[in-house]
Structures are given as structure tokens and as C-alpha cells.
Enquirer: 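Structure provided below as C-alpha cells; questions to follow.
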Amino acid sequence: KCFDKDSLVNVFIATLSQAAGGLSTNSITCIRDTFSGLDLTTLEDLATGTFDASTSDAMGVGIGMLLCLTDEEASHITAGDFFGDIGGLSTISLKDVRCVFQNVDLNQMMGLFQGLASATATPDLTQLAGLTDAMTKCGIDITQLMNNMGDSSSDGNVTGDTSTSDSTGF
């Protein structure tokens, strides 16, 4: 345990700030508040990428961060900054991800993600229809994204957002 909670939160904020080209004071305060309820172990799991993305804590932090960022800040950070350049994620901005979350039933998506992450549960794949509808509504080209899923070297633009972002290697 090399870091205390405040240090880990500062690392998250600095990384987001670098990716966004700076964060507003309001965004920084909001992000701090979003992380305040998490214990040190969960923060360490988030920092090292070993967290379970299907848990409510992880989803809560992710959604909280999305809501904390301004549209401008969110448009400069990509999903690929968090998950790596996997199948076109490097071209989907957090602004696009926020749009998707605003257009789906979050309880259903939590159920879908938990089902996909579980070795024993069977995910309700009918919930994918709502997700794909939301992606289309938000200007994400689902066909291009699906074509890129196995090709991490793809540079195909899968979103209508024309902003660019350099990967920060979260």
C-alpha cells in the first residue's frame, strides 16, 4: 500500500486533466466528491485496472465522473483512454458515452454488465437493443465499432464527434 486515498484521487484527477487539456475547478471538486465514498482498496483496484466493472461501486464512480465533466472536457477524453485502443474505443469520447448512458435504463445496463461479467449468470441479451439504439442516437456507428472489435490497430472513426484526444495510457 504505497498511496493514501487522497494521493490516488489526485492521480485520477491529474490523468483526467491531462487527457482533457485541463479541468475546471467545479469538475475537480465534483470528481473528489465522487471518489469520497470509496474505500482505499476499491481506489487501488481502479488505479491498477483490477476492479470488477460490473459492481455498483465501479459503475457509480464511472457515471459520477461522466456527470462531473463539462461537455468540452468529456469531448477530449476517449473511452480508449480508460480501456486501451480496443476495437475503436479510442475514437469514442466520454461525451458520447455520457450520451449513451443518458439514453438507456441504467438498471438494465447494470444487469447486462453483471450478467456478461459473471461466470454463472446468463445475461439478458435483449437489453442490447436499448444499448444499440442509444449508441445510434448518440452518433456512434455501431456497425463500424463491431467491425473494429477484433482489430485493435483500426483507426476507423466510429463516432460523429470530430474532437481528437491523445491516449494517456490509463
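In what follows, every heavy atom counts, from backbone to side chain, and hydrogens, waters and symmetry copies are set aside.
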Enquirer: Would you name the heavy atoms of D96 and C138 that are closest together and state the gap between them?
Expert: OD1-O, 4.0 Å
Enquirer: Between atom CD1 of I92 and atom CD1 of I77, what is the distance when rounded to the nearest 0.5 Å?
Expert: 15.0 Å
Enquirer: Looking at OG of S7 and CZ of F12, how far apart are the two atoms once the value is rounded to the nearest 0.5 Å?
Expert: 12.0 Å
Enquirer: Identify the two heavy atoms, one from V104 and one from L131, that lie closest to each other, and give their separation to 0.1 Å.
Expert: CG1-CA, 4.0 Å
Enquirer: Could you give the distance from CG (D6) to CZ (R32), rounded to the nearest 0.5 Å?
Expert: 7.0 Å
Enquirer: Quick one: list whatever passes side-chain contact (heavy atoms from CB on, under 4.5 Å) with T70, sequence neighbours left out.
Expert: S24, S27, E72, E73
Enquirer: Check whether the side chains of T136 and D133 place a donor and an acceptor atom closer than 3.5 Å, and report yes or no.
Expert: no
Enquirer: Quick one: list whatever passes side chain to side chain donor-acceptor pair (under 3.5 Å) with N26, sequence neighbours left out.
Expert: none
Enquirer: Once side chain to side chain donor-acceptor pair (under 3.5 Å) is applied, do any residues pair with D105, and if so which ones, sequence neighbours excluded?
Expert: none
Enquirer: Which pair of non-hydrogen atoms, one from S75 and one from S93, has the smallest distance, and what is that distance?
Expert: O-CB, 3.7 Å
Enquirer: Keeping K95 on the side-chain end and L69 on the backbone end, is there a donor-acceptor pair under 3.5 Å?
Expert: no
Enquirer: Report the residues that fulfil side-chain contact (heavy atoms from CB on, under 4.5 Å) with S17, sequence neighbours left out, ordered by chain and then residue number.
Expert: L23
Enquirer: Using the test side chain to side chain donor-acceptor pair (under 3.5 Å), find all partners of Q102 that sit at least two apart in sequence or belong to another chain.
Expert: none
Enquirer: Once side-chain contact (heavy atoms from CB on, under 4.5 Å) is applied, do any residues pair with D33, and if so which ones, sequence neighbours excluded?
Expert: T29
Enquirer: So, taking the atom named SG in C99 and the one named CG in L66, what distance separates them when rounded to the nearest 0.5 Å?
Expert: 11.0 Å
Enquirer: Set out, in order, the CA-CA distance, both residues' side-chain angles and the distance that settles side chain to side chain contact (heavy atoms under 4.5 Å, CB included) for F101 and I63, then state yes or no.
Expert: CA-CA 8 Å; F101 280 146; I63 292 169; 4.2 Å; yes
Enquirer: CG/L94 to OG1/T78 distance, rounded to the nearest 0.5 angstrom?
Expert: 7.0 Å
Enquirer: Provide the closest heavy-atom pair for M65 versus L16 in the form atom of the first, atom of the second, distance.
Expert: SD-CD1, 3.7 Å
Enquirer: So, taking the atom named CD in Q18 and the one named CD1 in I13, what distance separates them when rounded to the nearest 0.5 Å?
Expert: 14.5 Å
